[in-house]
Each structure stands twice: as C-alpha cells, then as structure tokens.
2 protein chains.
Amino acid sequence: MIQYKSVIVMKENKFLAIYNDLLLQIRKGIFQPNDKLPSEHELSQQYETSRETIRKALNLLSEHGYIQKIKGKGSIVLDVGKYDFPVSGLVSFKELAQKMKKRVRTIVHELQVVKPDDYIRKYLDVTAKDEVWKVVRSREIEGEKIILDKDFLHRKFVPLLTHEICENSIYEYLENELKLKISFAKKEMFVDKITDEDRKYLDVDGYEHIVVVQNYVYLEDASLFQFTESRHRLDKFRFVDFARRTH
Amino acid sequence: MIQYKSVIVMKENKFLAIYNDLLLQIRKGIFQPNDKLPSEHELSQQYETSRETIRKALNLLSEHGYIQKIKGKGSIVLDVGKYDFPVSGLVSFKELAQKMKKRVRTIVHELQVVKPDDYIRKYLDVTAKDEVWKVVRSREIEGEKIILDKDFLHRKFVPLLTHEICENSIYEYLENELKLKISFAKKEMFVDKITDEDRKYLDVDGYEHIVVVQNYVYLEDASLFQFTESRHRLDKFRFVDFARRTH
DNA sequence: TTGACCAACTTGTATATACAAGTTAAAATA
DNA sequence: TATTTTAACTTGTATATACAAGTTGGTCAA
C-alpha cells in the first residue's frame, strides 16, 4: 500500500496550505468523488496541527464545493469534475483560457486615458476631475472573435498601462507588479441588443443579442477601482455557479 | 443618543443568531454603508459571548458580501442595496417574488410520475426502474408569462406532490413538510434556441433565443434529488453574483 | 431472531488564551 | 516644526479544552 505523504511548504498560512494540499489530492484523484476524507482528528495528527486548523481548511473546501461535511459521519468528496469550467468567482480571462486549454488571442482596440463621461461615471465611482483608463479588447477563441471586453480602471490606482500588458493579462500586472489586492467583485449578467461596436470588433455571426457580464471590482479596502463590461456571443456563453443554501 | 439594544432569540446557534441580528441592523439602516461596525472585542461584550463566536458571525457577513473586514482597521458595511436582487445562492421563485414585490402567478401545465427517459437520466442520477416526478410550470410576472420551469424530482425523496403544492412553492413543501434538508446546488447558465414548448407556454414575444438556467439540487448527505431547468425570456433575465477572490 | 441500548466514533458549537501583524494617533525626539 | 517611536488599538492565526449532537456497529436482553 502506497501512503501519500504530503510535504507542505509553509510560506502561506497553515490552514491555507492544508486546504491547497487537500485540494491538490482531490484534483489528482488521490481522493476520489464519494470517498470519505480522513476524520478531522486523523488529519490533525497527519498535518501535526490542531483540529480547529483542520476545520478551517475543510470549511474552505466545503464553501468552494469540493467536499460535503456530514455531521456524525465525515467529509465526502463531491464530483468536482463538473465544476472545472468557469466556476463562479474572480477569474481572469487568461486564467480561464489556460484551464480550458484553447487557442486564444487578445486584440487591443483602444487603450487611452479619458476623462469620465456620464456613462463611466454611472458605473465607476469617480468625479469629472479624475482620470480613467479605458481599454477595449476582443478575445479570439479558436480563431473566432467571441468576447468584447471593455475595461475602465481608476487611474489613481493604475498609473501606467501598456499595449503589452493589455495583450497579456491586466489582472496579472495589477496583482504581481502593482501589488494591488483585488478582494471581491459584484457580477451582473443580462442580455442586451447587439451594438455597432459589437459588430465592429466581434464575429457576431448574425445574432441580434449578446450576453453582457458587468463586473464591479473592489480592492481590499473596499474601494471600487475597476468596472468591466464583458460582452459574450450568445452561443459561446456559459456560466457555472456553485451555491450553498443559507437558512 | 439612542442605543440600539438587540434581543436575540436563542432558538438557533449563537453565531447564526448574531449574524442574523447584525444583518437585520444593516438592512434596517442602523448600520449604513461605509459605517464601521463595532470591533470584535466590543461586539463580544455587547452580545456577551466570546470573540471567536463574533468572528464566525462576521465571516458569514463577509462571505455574503455585506461587510468587508480590513486587518488592523475593522469591518465596514458594504453598499448592500445593489445586491438585493436575485443574488447568487439557492433561492426559490416564491422567495424571489416576495422580495421583488411583483404581481406573480404560477401556472401548472404538467404534474405526473414518469419513468425516466434518456433526457432525464442524463441529468438526474436515476436508473430505469426509478420513478421521477415531472412538473412543468410557467411563471407569470406582471401579467406576462416569462419563465418556464421544468422540474424533475426523485420520487424516492418525494412520495407525494399535488397541484396545490406546485402552485405555491415546492421548496417550501419539501423543507417544511417533508423536512428535506436542501444543502447545495450547481447552476449552469447558457443561451438556447427557443423551442415549441417555450412558445406553447410562454409569451415569447418574437425572441428566437432563451436563457436556460439548469439547477442540480443536492441534499445534506450529498445525494442529487432534483434537476430543474428554468427557461427565462431574454429581456427579463438578470443574474447578480457576489464573489470573493481566493488566491 | 429481533430490538433496545450503549460505547465509540464522527462533526458542530462555544470558550479562553496567546501571539502575530496591520493601523492609528499621541508622545517623544531630533 | 518635522520626524520617529511607541502604545493602544484593530483583525488574523493557532492551540487547547469541553461538551453537544448525529452515526455506526456491536452487545445484551427479551
């Protein structure tokens, strides 16, 4: 019998490290769907930590839909294979594309600093004096231009933005270079009539409507710093969400 | 100065009671957006409990998007007014309709026990021997038939289902009468071509596409017991989601 | 054999303590 | 005055303990 012995690197928190370690084992298939995880007591011995720390890790797994905890019985692994597409949460296009393993390309159409007009002021919390980055990009997937991304970023937080950054990943730049702590977002989804701009930058393929995903992105201190409108061609749109019932 | 003194009824857990009490104060406007909540230490004194219990309540508020915790500073109330529409999560149509305060009606078109065909077996985890409730209902909002709901429930969990129950709220019946513990769900959203069934039961209004929300609903023990397909007219569809970034 | 009960497990809640780490504003210092 | 330091706050992490409550499987008695 082969015993899986995990070595945890303790750069991060203990409970986060354990969460990531258990998640890895689930992804690798060491723990299969419907398997029972070791009990909290056993895990606390394996990881040489307290039960409360184990419980923090397990609760994270539960919130994210990887396990189900059942009182008196234990924790069982859920069928996670179904959730591996655009699961709810804050995921950038680049992270998504890598997961999907598709041939993707980003085309930058606009990149400029603008004074916020009424439209921008409606969505981003800025005054007429502030400056705002406006970025318009289309996303090509397997040779088809499917998604039109319109980003508005508060210049106060982002002094510089280049063509290269926009072609790669703005998120990566913000988090890794500028060390901005992106914390949470509000998403709003609805269907809109297609516009001339959509026709100009996308392969609209004769559709008259388009799925709009509006994103309000906030930093750690709850300041709104970005508004993004993502316009998806009807036939390629897909959103997966995991939700727990709260009573 | 008026001091708000909350009286907590201790039927439920302490931390849940505190969560609900704080939430109520936020909804009532006793705590306004951008207000700072009392510190964890103060709250633990006010509620006569330990700091850990307060932290459980605050973490719930944070997960659900009501507050933002900032290390070293405190917890501030987020602008919750924006999230009060169909926020992500498991919410039944009846609960939703009550929140929106719209004139709604449910029309039951089909209600029968069927042997699962290939279509049902694809979505619900049943064998050919099992029996399944099939319910088809349309939802009328302000006089227009907007949503077509197709429910499939495993009969093993739901022995009886009546016309009245389906007109009211299946969820309410399941939870209150049958005492089923609905625990979590996976939602999948995409756009589909409109079907003859849609045209038959809905005011499709000339649209050629329809937004489909598929729901896989699970009980506490992680058993899949219901599959629901909710078909929304394009122009009336709207989905709001709050998501925290996990690193 | 059947059922009741119990012991040993499981997870859930609540509490107390200690220290780490980030923030803030007053006090001390140059 | 301007800057640095410090003290007093804040939230975050980790640990230990106790008991409640649900599950399971074996034991024992009818």
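Since this is a predicted model, take the numbers as computed values, not measurements. To find a chain, count down the sequence lines: A is the first, B the second, and so on, and within it residues start at 1. These values consider heavy atoms only, across backbone and side chains, with no hydrogens, waters or symmetry-generated copies.
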Can you name the side chain to side chain contact (heavy atoms under 4.5 Å, CB included) partners of [X], sequence neighbours left out?
{"X": "A:Lys56", "result": "A:Phe15"}
{"X": "B:Ser62", "result": "B:Ile67, B:Lys69, B:Arg244"}
{"X": "B:Arg121", "result": "B:Pro116, B:Asp118, B:Val126, B:Ala128"}

Integer-rounded Å distance: [N] [atom2] and [X] [atom1]:
{"X": "B:Arg55", "N": "C:dT13", "atom1": "CZ", "atom2": "P", "result": "16 Å"}
{"X": "B:Lys181", "N": "D:dA21", "atom1": "NZ", "atom2": "C1'", "result": "13 Å"}
{"X": "A:Phe15", "N": "C:dA20", "atom1": "CZ", "atom2": "C1'", "result": "14 Å"}
{"X": "A:Lys69", "N": "C:dT11", "atom1": "NZ", "atom2": "P", "result": "7 Å"}
{"X": "A:Glu220", "N": "D:dT11", "atom1": "CD", "atom2": "P", "result": "15 Å"}
{"X": "B:Lys71", "N": "D:dT11", "atom1": "NZ", "atom2": "P", "result": "12 Å"}
{"X": "B:Ile70", "N": "D:dG12", "atom1": "CD1", "atom2": "C1'", "result": "14 Å"}
{"X": "B:Ile54", "N": "D:dT11", "atom1": "CD1", "atom2": "P", "result": "11 Å"}

> Which nucleotide sits closest to the side chain of A:Lys73: C:dT11, D:dT23, D:dG12?
Replying inline: D:dT23
> Of all the choices, D:dT23, D:dT13, C:dT13, which nucleotide is nearest to the side chain of B:Asn13 once you look at every atom?
Replying inline: C:dT13
> Does the side chain of B:Ser44 come under 3.5 Å of the side chain of B:Gln46 through a donor N or O and an acceptor N or O?
Replying inline: no
>> Which is more 5' along DNA chain D, the nucleotide nearest A:Gly72 or the one nearest B:Glu42? Just name the residue.
In response: B:Glu42
>> Is the distance from the ring center of A:Phe225 to that of A:Tyr218 below 6.0 Å?
In response: no
> Of all heavy-atom pairs between A:Asp117 and A:Ile120, which one has the smallest distance, and what is that distance?
Replying inline: OD1-N, 2.9 Å
> Who are the salt bridge (Lys or Arg N to Asp or Glu O under 4.0 Å) partners of A:Glu63, not counting sequence neighbours?
Replying inline: none
>> One pair to check against side-chain hydrogen bond (donor to acceptor under 3.5 Å, both in side chains): A:Tyr47 and A:Asp21. What are the steps and the verdict?
In response: CA-CA 10 Å; A:Tyr47 286 103; A:Asp21 189 65; 2.5 Å; yes
For nucleotides 15-18 of chain D, which of its nitrogen or oxygen atoms have a protein nitrogen or oxygen under 3.5 Å away, and what is each distance?
unit_1 : atom_1 : unit_2  : atom_2 : d
D:dT15 : OP1    : A:Lys14 : NZ     : 2.6
D:dT15 : OP2    : A:Thr49 : OG1    : 2.3
D:dT15 : OP2    : A:Ser50 : N      : 3.2
D:dT15 : OP2    : A:Ser50 : OG     : 3.3
D:dT15 : OP2    : A:Thr53 : OG1    : 3.0

>> Based on the rotation axes of five pairs at each end, what angle does the helix from C:dT1-D:dA30 to C:dA30-D:dT1 bend through, to 10°?
In response: 10°
> Any side-chain heavy atom of A:Asp35 sitting closer than 4.5 Å to one from A:Ile26?
Replying inline: no
